[in-house]
Protein chains: 2
Amino acid sequence: MSTEKKEKDFLNSYSISKYEKPSIATDIAIFSILEEVEENYRKLPQKKLNLLLIRRGGYPYKDMWALPGGFLEPTETVEEAAARELKEETNVSEAHLEQMHVFSDLGRDPRGWILSTSFIALIDGQKADVKSSDDAAEATWFQVSFKLAKAEKEYNEDKIIVKSLYKLYLKHQDMELMAEIEERKEISNYHEQISYQILKSEGLAFDHGKIIAYALQYLRQHIENAHMAFDLLPEYFTLTDLQQVYEIILDKELLVANFRRKIAGRVIETNKNQEGAGHRPSKLYKRNLEVDNL
Amino acid sequence: MSTEKKEKDFLNSYSISKYEKPSIATDIAIFSILEEVEENYRKLPQKKLNLLLIRRGGYPYKDMWALPGGFLEPTETVEEAAARELKEETNVSEAHLEQMHVFSDLGRDPRGWILSTSFIALIDGQKADVKSSDDAAEATWFQVSFKLAKAEKEYNEDKIIVKSLYKLYLKHQDMELMAEIEERKEISNYHEQISYQILKSEGLAFDHGKIIAYALQYLRQHIENAHMAFDLLPEYFTLTDLQQVYEIILDKELLVANFRRKIAGRVIETNKNQEGAGHRPSKLYKRNLEVDNL
DNA sequence: ACAAAAGTGTTAAACTTACACCCATGC
DNA sequence: GCATGGGTGTAAGTTTAACACTTTTGT
């Protein structure tokens, strides 16, 4: 009997269904930058980092807020599932959409054995068309605040443990969700590992506080490398817009002259101008697609 | 009826089994640095990047080589599953072990709907105790060669497409496995995406050529940031050892004086010396666990 | 003695950081 | 006119890159 024949026979008789299997969900942290209205005609509107959450219509965690997501269908990849969810919730089909992490803690979902392959999506807030989806769930942008509240370092023999307590606040009008997440880094001679634990969670469903914390750390660590900042902006933008995106995500002020020198090679000046503001009009730029390393 | 009661009732009546579910495999790219014997007593032994592969004992892909891996059990997280596999194959329980990517292409496994959550593991080659595991599969270190063979750039309106063809060779004695993988980067104003495709594959099971290519790119991109290089070395090492790890992974020569200045803060000098070589003995160093950013 | 690697010093160029200053607009 | 943001220049400090040179060992 040929090898091909044997393999075929094996596959025909193989039944994968005898093993217990988990369900796979994809959850997406969809971020955008939105502007608050500014009453002073001179001042620029304040930009804020926002995250899209959906109020759960059913059990479990009924009426609490969760990341958009859903179960993986047998006809699609996790990327396709994430793109489908993103499109359903925001009607945006072209966006930065990137795999982030698999969350598989036992008991993370009371419905059973469910793994989450999480994604991070960055979209231009103007382009998103957020509305209640067909299942009547409310989708809402929440302003994000994520701050280090406490840090401690423990020196053991051959090992250092760094614990950092972060407080996450998500605000929309008079609604405020909160989570306290502890990040634990363990560094030894042979390996290092990082883990997150939810200490407190108010108004957030499942382990989504943890996923959101992970996404925010991921954003901060990756905003400088790739072109992620551009994905949060429209096609044409001012250098101040771009700088503010960096400042919001890094939660840190940057010097104008230095920032401009640094990103000079990544943008292309256009002959368009931003007009109508109570100050000198600024040039509009677009991203330079041609960047050597990427 | 209280909300808690309702939630409980819901969960009791909820049956997740009605949806079709995939199996979850964890596959690990286990890397180590091994030395080739050197006949010239003066010369240092050549270090090489090695990858652990297992010959498949059964169908499908019988007798072909695959990444160590297995199915996720309902009692463990994907990290625990990966650690279990690593321990089974190498008897190493403390190592750098990190989630990499989820591969979910339809048809990636002829046995059915199987997703792979892939990991990357870095171990000190000396510590690994590789032997045929209980299921009598052969586990073997393969020397890795991964080179860019062709690159092309396509300029469209509002979009740039960069295609890079990589050739992967895996050698052990007179065995040679090969794969050609195309990396495709698409960069537009609104998003950028990167995908890999297997063009040719000889001797490698499943889509593992793709996973290996992904792992090697991941290694190259991350070796500078974190302390990954140290995880490939024993506790005490010479600065030349460390430099060679960088050189092997980046596939690029570095200047000695400059390298030493760059990593000066990350290592601690010990009073131990490497002796017995046909040249001036070198000081042994160990890693400095205390690094500001991590 | 000498091959091989260990290890250090010097310089120019590049990039980062901090700060000072002028410009243009709408009200 | 003036508040606000747009935009540029310069000098000090730091890091990188390239190269030259000295030191120490085992055989």
Side-chain angles (χ1 to χ4, degrees), chain A residues 33 35-47 223-225 233 236-248 250 252-286 291-293, chain B residues 33 35-47 223-225 233 236-248 250 252-286 291-293:
Chain A
I33 302 281
E35 297 187 341
E36 293 191 313
V37 279
E38 183 58 59
E39 59 297 328
N40 181 339
Y41 79 97
R42 286 191 193 279
K43 282 201 165 178
L44 281 180
Q46 261 320 106
K47 290 192 173 59
I223 194 75
E224 309 241 28
N225 308 349
L233 289 171
Y236 296 94
F237 49 83
T238 69
L239 293 183
T240 303
D241 287 338
L242 185 60
Q243 180 170 347
Q244 286 175 346
V245 169
Y246 274 78
E247 289 181 338
I248 289 165
L250 298 175
K252 181 174 142 187
E253 299 208 338
L254 305 172
L255 291 172
V256 180
N258 298 344
F259 178 79
R260 283 167 186 238
R261 265 188 290 268
K262 191 198 284 257
I263 51 86
R266 299 194 180 190
V267 294
I268 297 170
E269 193 178 326
T270 69
N271 51 12
K272 297 190 175 106
N273 274 34
Q274 185 91 282
E275 278 162 69
H279 50 77
R280 175 172 168 180
S282 49
K283 283 182 209 136
L284 287 175
Y285 287 76
K286 54 181 197 168
V291 183
D292 37 50
N293 61 330
Chain B
I33 302 282
E35 296 186 342
E36 293 192 315
V37 280
E38 183 59 57
E39 59 298 330
N40 181 338
Y41 80 97
R42 287 191 192 279
K43 281 201 167 178
L44 282 180
Q46 262 316 111
K47 290 192 172 63
I223 194 75
E224 308 243 29
N225 307 349
L233 289 170
Y236 296 94
F237 50 82
T238 69
L239 293 184
T240 303
D241 287 338
L242 185 60
Q243 181 170 347
Q244 286 176 346
V245 169
Y246 274 80
E247 289 181 338
I248 288 165
L250 299 175
K252 180 175 143 185
E253 300 209 337
L254 305 171
L255 292 170
V256 181
N258 297 345
F259 178 78
R260 284 166 185 238
R261 265 187 290 269
K262 192 199 284 257
I263 52 87
R266 298 194 181 189
V267 293
I268 297 170
E269 194 177 327
T270 69
N271 51 12
K272 297 192 174 100
N273 274 31
Q274 185 91 279
E275 277 163 67
H279 49 77
R280 173 172 173 181
S282 50
K283 284 183 208 133
L284 287 175
Y285 288 76
K286 56 180 196 170
V291 183
D292 36 51
N293 62 328

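Just so we're on the same page: letters track the sequence lines, and every chain starts at 1.
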Between protein and nucleic acid, restricted to nucleotides 23-27 of chain C and to nitrogen or oxygen atoms under 3.5 Å apart, what atom pairs and distances do you find?
| unit_1 | atom_1 | unit_2 | atom_2 | d |
| --- | --- | --- | --- | --- |
| C:dC23 | O2 | A:Arg280 | NH1 | 3.0 |
| C:dA24 | N3 | A:Arg280 | N | 3.3 |
| C:dT25 | O2 | A:Gly278 | O | 3.4 |
| C:dG26 | N2 | A:Arg42 | NH1 | 2.4 |
| C:dG26 | N2 | A:Arg42 | NH2 | 2.4 |

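In the 5' to 3' direction, nucleotides of DNA chain D lying under 4.0 Å from heavy atoms of chain A begin and end at D:dC2 to D:dT10.
For the pair A:Lys252 and A:Leu254, the minimum side-chain heavy-atom distance is below 4.5 Å. In this structure, the side chains of B:Glu224 and B:Leu250 come closer than 4.5 Å at one or more pairs of heavy atoms. Looking only at side-chain heavy atoms (C-beta outward), B:Thr270 and B:Tyr236 come within less than 4.5 Å of each other. Between A:Ile33 and A:Asp241, every side-chain heavy-atom pair lies at or beyond the 4.5 Å cut-off.
B:Asn258 has its CG atom 13 Å from the C1' atom of C:dA12, to the nearest Å. The CD-P distance, from B:Gln274 to C:dG7, rounds to 10 Å in whole Å. Following rounding to the nearest Å, B:Leu255 (CG) and C:dA6 (C1') show an atom-to-atom distance of 15 Å. For the pair A:Lys252 NZ and C:dA18 C1', the computed distance is 14 Å after rounding to whole Å. Taking atom CG on B:Leu242 and atom C1' on C:dA6, their separation rounds to 15 Å, with Å as the unit. Taking atom CD1 on B:Ile263 and atom P on C:dA6, their separation rounds to 13 Å, with Å as the unit. One atom, CD of B:Glu35, and another, P of C:dA5, lie 13 Å apart when rounded to the nearest Å.
Closest-nucleotide positions on DNA chain C for B:Lys43 and B:Arg261 were compared, and the one nearer the 5' end corresponds to B:Lys43.
For B:Asn40 against C:dA4, a side-chain-to-base donor-acceptor contact under 3.5 Å is absent.
A sub-4.0 Å separation between OP1 or OP2 of C:dT8 and a side-chain N or O of B:Arg260 is absent.
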Practice item. Test A:Val256 against A:Gln243 for side chain to side chain contact (heavy atoms under 4.5 Å, CB included), laying out the working first. Key: CA-CA 8 Å; A:Val256 180; A:Gln243 180 170 347; 4.0 Å; yes
Exercise for review: Just do the side chain to side chain contact (heavy atoms under 4.5 Å, CB included) check on B:Thr240 and B:Arg260 with the steps written out, would you?
Suggested key: CA-CA 9 Å; B:Thr240 303; B:Arg260 284 166 185 238; 3.6 Å; yes
Exercise for review: Report the C-alpha distance between A:Phe237 and A:Val245 in whole Å, list the side-chain angles of each, state the deciding distance to 0.1 Å, and finish with yes or no for side chain to side chain contact (heavy atoms under 4.5 Å, CB included).
Suggested key: CA-CA 11 Å; A:Phe237 49 83; A:Val245 169; over 6 Å; no
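Five base pairs at each end of the helix from C:dA1-D:dT27 to C:dC27-D:dG1 define two local axes, and these are offset by 0° (rounded to 10°).
Side-chain atoms of A:Glu269 do not come within 3.5 Å of backbone N or O of A:Leu284 as any donor-acceptor pair.
Looking at heavy-atom distances under 4.0 Å, A:Thr240 makes contact with sugar-phosphate atoms alone, never a base. Backbone-only engagement by A:Leu44 is indicated by non-hydrogen atom pairs under 4.0 Å involving sugar-phosphate atoms exclusively.
The distance from the NZ atom of B:Lys272 to the OH atom of B:Tyr285 is 14.0 Å, given to the nearest 0.5 Å. Distance check: A:Ser282 OG to A:Asn273 CG gives 7.0 Å after rounding to the nearest 0.5 Å.
Which of C:dG7, C:dA18, C:dT10 sits closest to the side chain of B:Ser282 comes down to C:dG7.
The minimum heavy-atom distance linking B:Gln244 with B:Lys47 is given by the pair OE1-NZ, 2.9 Å. What you find for B:Glu35 and B:Pro45 is that their closest heavy atoms are OE1-CG, 3.3 Å.
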